[in-house]
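Some notes on the structure that comes next.
Proteins get letters first, then strands, A, B, ... in listed order; numbering begins at 1 in each.
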Amino acid sequence: MKEINIPTIEKINIEAFQKDLVSWFLEEQRELPWRENKDPYRVWVSEIMLQQTRVDTVIPYFNRFIDWFPTLEDFANADEEKILKAWEGLGYYSRVRNLHSAVQEVKALYNGVVPDSPEEISKLKGVGPYTAGAILSIAYGKPEPAVDGNVMRVLSRILMIYEDIAKPKTRKTFEAAVRKLIDHNHTSAFNQALMELGALICTPGKPACLLCPVQSHCLAFEAGVQSELPVKIQKKKTRDVPIVAVLLTNEKGEFLIHKRASEGLLANLWEYPNFENHTSLQHKREFFESRFQEMYGVKPEITDPLVKIEHVFSHLVWKVDTYTGTVKEKISEATLIENQLKWVSKTEIEEFAFPVSHQKMMKAYNDKEGNN
DNA sequence: AACACGTGGTC
DNA sequence: TGACCAAGTGT
């Protein structure tokens with residue numbers, strides 16, 4: 001275990017810093033549904049939802065999630081279709097599948113009680129260094145660091161740390177800092193205060209230093225360099241992926257849907273039949289029809305163009321040309337099962353989780369038909 | 001270490 | 001309008 005040295009920490013009056021920060025949090029914290037109590041299960045769910053996701057986005061999802069699965073055991077017993085539906089639209093869907101298997105493990109191994117040791121809790125799927133520290137400090141009062149993007153931004157300023165926060169090893173520097181700074185009597189408030197401060201005051205763009213409860217402790221403010229911090233180098237280019245997707249119906253008015261693979265992008269979510277189309281430009285319909293036929297043995301008929309959808313992911317961009325179409329011939333039951341295809345009515349379709357891009361297809365269809 | 005993994009909001 | 005961002009983790 002290498003010792004991490006942070007010279008500037010000597011300049012901080014730690015007790016005064018703790019008091020100013022924690023007092024501010026106790027006074028000014030937002031009322032959030034996951035702050036109603038310290039149930040480790042609720043804290044856990046909220047921390048997973050909040051990964052890379054805004055508070056305002058999470059609130060309605062969290063409330064519905066707790067409504068559907070009030071206890072850890074309720075969630076452990078839920079089926080995968082339902083848990084994906086609970087997450088539909090939130091993104092990063094592996095979060096909910098990992099949470100599900102982790103919760104089932106807690107039920108089986110720990111009698112349904114979320115473990116309170118760093119070693120045990122860190123073994124759970126989807127529980128990394130941040131989430132482990134967050135649950136341990138918030139739900140169990142353990143003096144563990146919970147270093148997220150907010151904490152790195154706030155502490156990079158207070159301690160004038162110029163390490164690139166995009167680099168994995170940098171998190172360790174900030175964990176070491178938190179271990180020295182954390183208020184052992186108020187671990188929950190201290191860690192949450194760091195994040196709350198980052199969200200409300202010590203923001204990325206223009207930090208509201210004049211309103212900051214720990215302004216007098218901030219080395220970057222003292223030096224007038226708060227806008228230069230944190231240092232963050234990085235940006236990957238996205239690549240375009242052209243896709244042709246078709247909303248296919250049969251004579252019964254049912255829609256054909258396809259379940260995505262169990263790993264990778266949008267794993268296990270449902271979608272309308274589509275193919276990546278690197279070939280060309282004017283022949284998208286023919287391309288789809290022939291690919292569909294070679295995959296499933298039946299030739300669909302594409303009728304009308306629907307909408308063009310551009311969907312931006314963090315690492316790629318789908319350029320989707322969508323159409324409506326019909327399937328007149330019968331697709332055999334074996335083919336349907338083998339290829340994870342399903343005919344569903346407009347009512348049944350509500351039970352399945354779709355990525356946002358494909359939700360837009362049905363919306364466009366409804367808008368166009370003027371029905372619902 | 002670097003990249004895959006979603007979505008909606010912001011300046 | 002195109003980054004850049006928001007309470008990260010798995011591989």
Side-chain angles (χ1 to χ4, degrees), chain A residues 25 29-30 32-35 42-62 84 87-99 101-102 121-135 137-139 145-154 164-172 174-175 178 188 191-200 202-206 230 232-241 260-269 271 309-318 353-360:
Chain A
F25 178 75
Q29 65 170 301
R30 293 167 289 180
L32 268 15
W34 48 90
R35 287 179 175 165
R42 291 170 57 112
V43 173
W44 187 3
V45 170
S46 72
E47 292 302 339
I48 300 298
M49 284 189 173
L50 286 162
Q51 289 170 8
Q52 303 290 284
T53 311
R54 287 186 159 71
V55 165
D56 288 342
T57 302
V58 167
I59 291 172
Y61 279 93
F62 179 83
L84 282 173
W87 217 263
E88 184 185 47
L90 248 194
Y92 288 139
Y93 298 94
S94 67
R95 289 183 295 174
V96 74
R97 294 186 300 121
N98 288 155
L99 179 62
S101 67
I121 203 167
S122 297
K123 284 181 190 154
L124 300 170
K125 287 201 194 82
V127 178
Y130 164 75
T131 305
I135 297 172
S137 63
I138 296 171
V147 175
D148 70 341
N150 287 125
V151 173
M152 290 199 281
R153 183 173 60 258
V154 168
D164 179 3
I165 66 165
K167 295 205 180 311
K169 61 178 297 192
T170 303
R171 197 196 69 250
K172 297 180 194 302
F174 289 98
E175 285 174 349
V178 171
S188 170
N191 277 345
Q192 290 190 78
L194 246 21
M195 295 188 272
E196 194 83 340
L197 190 67
L200 302 180
C202 196
T203 51
K206 289 150 52 115
K232 187 176 185 181
I233 315 291
Q234 182 176 79
K235 80 174 114 200
K236 286 155 306 241
K237 304 189 60 145
T238 57
R239 68 174 210 282
D240 290 357
V241 179
R260 295 178 59 87
S262 61
E263 293 189 344
L265 186 66
L266 303 165
N268 286 355
L269 268 66
E271 64 186 2
I309 295 170
E310 179 166 310
H311 194 75
V312 181
F313 296 86
S314 35
H315 55 305
L316 52 85
V317 181
W318 276 359
F354 286 77
V356 168
S357 52
H358 283 251
Q359 293 174 39
K360 288 176 183 166

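Across the P atoms, B:dG6 and C:dT11 are found 14 Å apart, a figure rounded to whole Å. When the C1' atom is used for both B:dC11 and C:dA6, the distance is 16 Å, rounded to whole Å.
Look at NZ on A:K232: it is 7 Å from P on C:dA6, rounded to the nearest Å. To the nearest angstrom, C1' of C:dC4 lies 12 Å from CD of A:Q52. With rounding to whole Å, A:F313 atom CZ is found 17 Å from B:dG9 atom P. Taking atom NZ on A:K123 and atom C1' on C:dT9, their separation rounds to 18 Å, with Å as the unit. A:I233 has its CD1 atom 11 Å from the P atom of C:dC4, to the nearest Å. Going from atom CE of A:M152 over to atom C1' of C:dA6 covers 12 Å, rounded to whole Å. Distance, A:I48 CD1 to B:dC5 P: 19 Å, rounded to whole Å.
Residue A:R54 places its side chain closer to C:dC5 than to any other of C:dC5, B:dG6, C:dT9. For A:L266, the listed nucleotide lying nearest its side chain is B:dT7; candidates were C:dT9, C:dA6, B:dT7. Side-chain proximity of A:L265 to C:dT9, B:dG9, B:dC5: nearest is B:dC5. The side chain of A:T131 approaches C:dG8 more closely than any other nucleotide in the set C:dG10, B:dA1, C:dG8.
Residue contacts for A:S46: at a heavy-atom cut-off of 4.0 Å it reaches no nucleic acid atom on any strand shown. Among the protein residues, A:R171 comes within range of no part of the nucleic acid, since none of its heavy atoms lies under 4.0 Å from any strand. Base engagement by A:R35 is indicated by at least one non-hydrogen atom pair under 4.0 Å involving a base atom. Nucleic acid contact class of A:L316 (heavy atoms, under 4.0 Å, all strands): none. Residue A:V55 is in base contact, counting any heavy-atom pair closer than 4.0 Å across all strands shown. Within 4.0 Å of A:T57, counting heavy atoms only, lies no atom of the nucleic acid at all. Note on A:V58: nothing from the nucleic acid sits closer than 4.0 angstrom, heavy atoms only. As judged by a 4.0 angstrom heavy-atom cut-off over every strand, A:G198 is placed among residues making no nucleic acid contact. Counting non-hydrogen atoms under 4.0 angstrom, A:R30 reaches a base of the nucleic acid. Note on A:G264: only backbone sugar-phosphate atoms sit closer than 4.0 angstrom, heavy atoms only; bases stay farther off.
With hydrogens and angles ignored, the 3.5 Å screen pairs a side-chain donor or acceptor of A:R42 with a backbone N or O of A:P33. Panel note: side chain A:R239, backbone A:H315; no donor-acceptor pair is recorded below 3.5 Å.
A donor N or O paired with an acceptor N or O is not found under 3.5 Å between the base of C:dG8 and the side-chain atoms of A:Y130. The base of B:dG6 sits within donor-acceptor range of the side chain of A:T53, with an N or O pair under 3.5 Å.
Atom-to-atom distance recorded for A:D240:CG and A:K237:NZ is 10.0 Å, nearest 0.5 angstrom.
The phosphate of B:dG6 has neither OP1 nor OP2 within less than 4.0 Å of any side-chain N or O from A:H311. Residue A:Y93 places at least one side-chain N or O under 4.0 Å from the OP1 or OP2 atom of B:dT7.
For the pair A:K169 and A:H315, both in contact range of DNA chain B, the more 5′-proximal nearest nucleotide belongs to A:K169.
Between A:W318 and A:H311, the two ring planes are tilted [angle within 30° to 60°].
One side chain, A:T131 or A:Q51, offers a donor N or O that lies under 3.5 Å from an acceptor on the other. Side-chain contact annotation: A:T53 with A:R95, donor-acceptor N/O pair under 3.5 Å present. A:Y130 and A:E47 form a side-chain donor-acceptor contact under 3.5 Å, judged by distance and modelled atom types alone.
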